[in-house]
Amino acid sequence: MTAIDRLTADLALPLIGAPMFLASGVDLVVAQCRAGVIGTFPSLNARPAAALDAWLTEIETRLAQPADRPPAPYGVNLIVNPYNDRLEADLATIVRHRVPLVITSLSAPDRVVEAVHGYGGLVFHDVIKARHAARAAKSGVDGLILVAAGAGGHAGTLSPFALVEEVRAVWDGPLVLSGAVANGRAVLAAEALGCDLAYAGTIFIATEEAIAPAGHKDMIVAAGADEILYTPLFTGTHGNYLSPSIAAAGIDLQAARTAEPRRMTAKSDPDRPKAWKDVWSAGQAVGQSRAVEPAAAIVARLAREYRAARAALCGAPHDGERE
């Protein structure tokens with residue numbers, strides 16, 4: 001059995017719960033893994049840095065407890081650009097805990113790949129363009145996460161139909177598709193496009209287990225796709241945010257719409273974009289969250305939709321039979 005097979009062997013659904021800044025925590029990861037999908041969180045959510053060790057210990061302890069089904073593996077997201085001053089310490093903690101899956105973002109993951117492969121873990125890297133995929137492949141990553149148009153937080157602008165095909169031209173390994181995945185039909189569609197797994201974030205914000213504030217969860221439930229604004233104003237890199245949260249923070253929406261991307265600067269730089277903690281991210285599938293509910297209920301619903309979609313396609317007439 002390959003490492004990828006081990007990662008996916010106990011899944012109820014070919015899905016990774018995306019790591020969401022200030023939303024994914026211990027309870028959500030455990031709930032996702034117990035429900036049969038890979039649960040992940042950003043290392044930066046564990047604050048202060050020393051808390052990361054405690055988070056990983058709690059996740060491992062709770063997932064080791066007896067249950068009706070084996071839990072899915074869990075993962076941690078590392079921001080690998082030079083402005084993450086916790087990178088070395090967080091990576092050392094991850095290596096010590098032998099985290100099964102490490103998801104890297106925003107820069108080349110070479111050092112992380114070497115460290116994680118040292119204990120047999122896997123590294124998947126976020127990309128929004130084929131050239132990013134080619135660079136990550138040279139680093140020796142095990143999989144690529146294609147962050148297509150419509151994904152929450154930092155996201156690309158390419159349609160998944162275009163992005164998957166371009167990346168497949170330079171990469172034949174495991175692919176994960178992100179971008180407005182919020183139902184079982186979308187998970188099946190990701191497989192139909194040639195991906196191995198789908199990646200869903202926004203649908204898990206409005207859950208009982210998420211550490212997002214109640215206001216963020218309520219806004220997710222109330223919002224629709226037309227209330228998602230793509231702007232680089234807050235981090236210097238384009239991302240999708242809830243426009244009602246931008247307005248509520250007293251920020252001019254037109255200024256957010258017309259902001260230009262910029263290179264990340266040192267934290268001491270007075271011109272560094274300000275990351276307002278009350279400006280909340282979400283993807284274009286936000287309208288599919290209709291209530292705050294347990295993560296397990298969401299996974300169960302997605303699994304039912306996925307099975308129904310597969311059955312409907314398998315029973316559909318073929319080319320010569322279609323009327």
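- Within the model, atoms CD1 of Ile145 and CD1 of Ile103 stand 4.0 Å from one another, a figure rounded to the nearest 0.5 Å.
- Side chain of Arg62 to backbone of Val26: no donor-acceptor contact under 3.5 angstrom is found.
- Residues His117 and Asp142 form a side-chain contact, since some pair of their non-hydrogen atoms from C-beta on lies under 4.5 Å apart.
- Looking at every heavy atom in both residues, Asn84 comes nearest to Ile79 through ND2-O, 2.8 Å.
- Side-chain contact between Leu146 and Glu166 is absent, with no heavy atoms from C-beta onward closer than 4.5 Å.
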side-chain contact (heavy atoms from CB on, under 4.5 Å) between Leu242 and His216, worked out: CA-CA 9 Å; Leu242 286 157; His216 191 179; 3.9 Å; yes

side-chain contact (heavy atoms from CB on, under 4.5 Å) between Val80 and Leu87, intermediate numbers included: CA-CA 7 Å; Val80 295; Leu87 177 58; 4.1 Å; yes

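- Using a distance-only test at 3.5 Å, with no hydrogens or angles considered, no donor-acceptor pair links the side chain of Asn45 to the main chain of Phe21.
- Residues Leu106 and Asp126 have side chains not in contact (no heavy-atom distance under 4.5 Å, counting atoms from C-beta outward).
- Lys217 places no side-chain N or O within 3.5 Å of a backbone atom of Ile205 that could act as its donor or acceptor partner.
- Taken to the nearest 0.5 Å, the OG atom of Ser107 stands 6.0 Å off from the CG atom of Asn81.
- If you check the side chains of Asn77 and Ser105, you find a donor sitting under 3.5 Å from an acceptor.
- Put simply, the side chain of Ile220 does not reach to within 4.5 Å of the side chain of Phe204, judged on heavy atoms.
- In the hydrophobic clustering of this structure, Leu101 does not group with Val127; members are Ile, Leu, Val, Met, Phe, Trp, Tyr whose side-chain heavy atoms approach within less than 4.5 Å, directly or through other members.
- The two atoms that bring Trp55 and Gly25 nearest to each other are CZ3-CA, 3.7 Å, heavy atoms only.
- Tyr199 places a side-chain heavy atom less than 4.5 Å from the side chain of Pro19.
- By the 6.0 Å contact criterion, CD on Glu293 is enclosed, its count of non-hydrogen atoms from other residues, nucleotides or ligands being greater than 12.
- With hydrogens and angles disregarded, no donor-acceptor distance shorter than 3.5 Å links the side chain of Asp10 to the backbone of Pro70.
- Residues Val299 and Met20 fall within the same hydrophobic cluster, defined by Ile, Leu, Val, Met, Phe, Trp and Tyr side chains chained together at heavy-atom separations under 4.5 Å.
- Proximity of Ile246 to Leu233: side-chain heavy atoms (C-beta onward) are nowhere separated by under 4.5 Å.
- Using modelled atom types, no side-chain atom of His238 and backbone atom of Tyr230 make a donor-acceptor pair closer than 3.5 Å.
- Using a 4.5 Å cut-off between side-chain heavy atoms of Ile, Leu, Val, Met, Phe, Trp and Tyr, with links allowed through other members, Tyr74 and Leu91 fall into the same hydrophobic cluster.
- Proximity of a side-chain donor or acceptor of Ser139 to a complementary backbone N or O of Val141 within less than 3.5 Å is not detected.
- The side-chain heavy atoms of Ile211 and Leu28, taken from C-beta on, include no pair separated by under 4.5 Å.
- Between the Thr202 side chain and the Gly283 main chain, a donor and an acceptor come within less than 3.5 Å of each other.
- In plain terms, the two heavy atoms of Leu144 and Ala133 that are nearest each other are CD1-CB, 3.6 Å.
- Within 6.0 Å of atom CZ in Arg111, 12 or fewer heavy atoms from other residues, nucleotides or ligands are found, so the atom counts as exposed in its surroundings.
- Counting only distance, with no hydrogens or angles, the side chain of Arg257 and the backbone of Thr231 share no donor-acceptor pair below 3.5 Å.
- Ile38 CD1 to Leu13 CG: the interatomic distance, rounded to the nearest 0.5 Å, is 10.5 Å.
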Stepwise side-chain contact (heavy atoms from CB on, under 4.5 Å) check, Val76 with Leu56: CA-CA 9 Å; Val76 176; Leu56 294 176; 3.8 Å; yes

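- How far CG of Asn183 is from CD1 of Ile203: 8.0 Å, rounded to the nearest 0.5 Å.
- Counting only N and O atoms by type, the side chains of Asp53 and His97 include a donor and acceptor under 3.5 Å apart.
- Taking both residues in full, the closest heavy atoms of Leu229 and Ala256 are given as CD2-CB, 3.7 Å, listed atom of the first, atom of the second, then distance.
- The hydrophobic clustering, which links ILVMFWY residues whose side-chain heavy atoms are closer than 4.5 Å, places Val167 and Leu158 together.
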Evaluation steps, side-chain contact (heavy atoms from CB on, under 4.5 Å), between Leu188 and Leu313: CA-CA 10 Å; Leu188 183 61; Leu313 286 176; 3.6 Å; yes

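- No donor-acceptor pair under 3.5 Å is formed between the side chain of Arg135 and the backbone N or O of Ala108.
- Rounded to the nearest 0.5 Å, atoms OG1 (Thr93) and CG (Leu78) are 10.0 Å apart.
- Criterion: ILVMFWY side-chain heavy atoms under 4.5 Å apart, direct or through other members. Under it, Leu177 and Phe124 are not part of a common hydrophobic cluster.
- Between Leu193 and Glu165 the shortest heavy-atom distance is O-OE2, 4.3 Å.
- Thr40 places none of its side-chain heavy atoms less than 4.5 Å from the side chain of Ser24.
- Looking only at distances, a side-chain donor or acceptor of Arg86 sits under 3.5 Å from a matching main-chain atom of Ser43.
- Here the CG atom belonging to Leu63 is positioned 10.0 Å from the CD atom belonging to Glu58, to the nearest 0.5 angstrom.
- The aromatic rings of Tyr241 and Phe234 sit perpendicular to each other, their planes meeting at more than 60°, with 30° as the lower class boundary.
- Contact detail for Arg34 and Pro71: the closest heavy-atom pair is NH1-CD, 3.8 Å.
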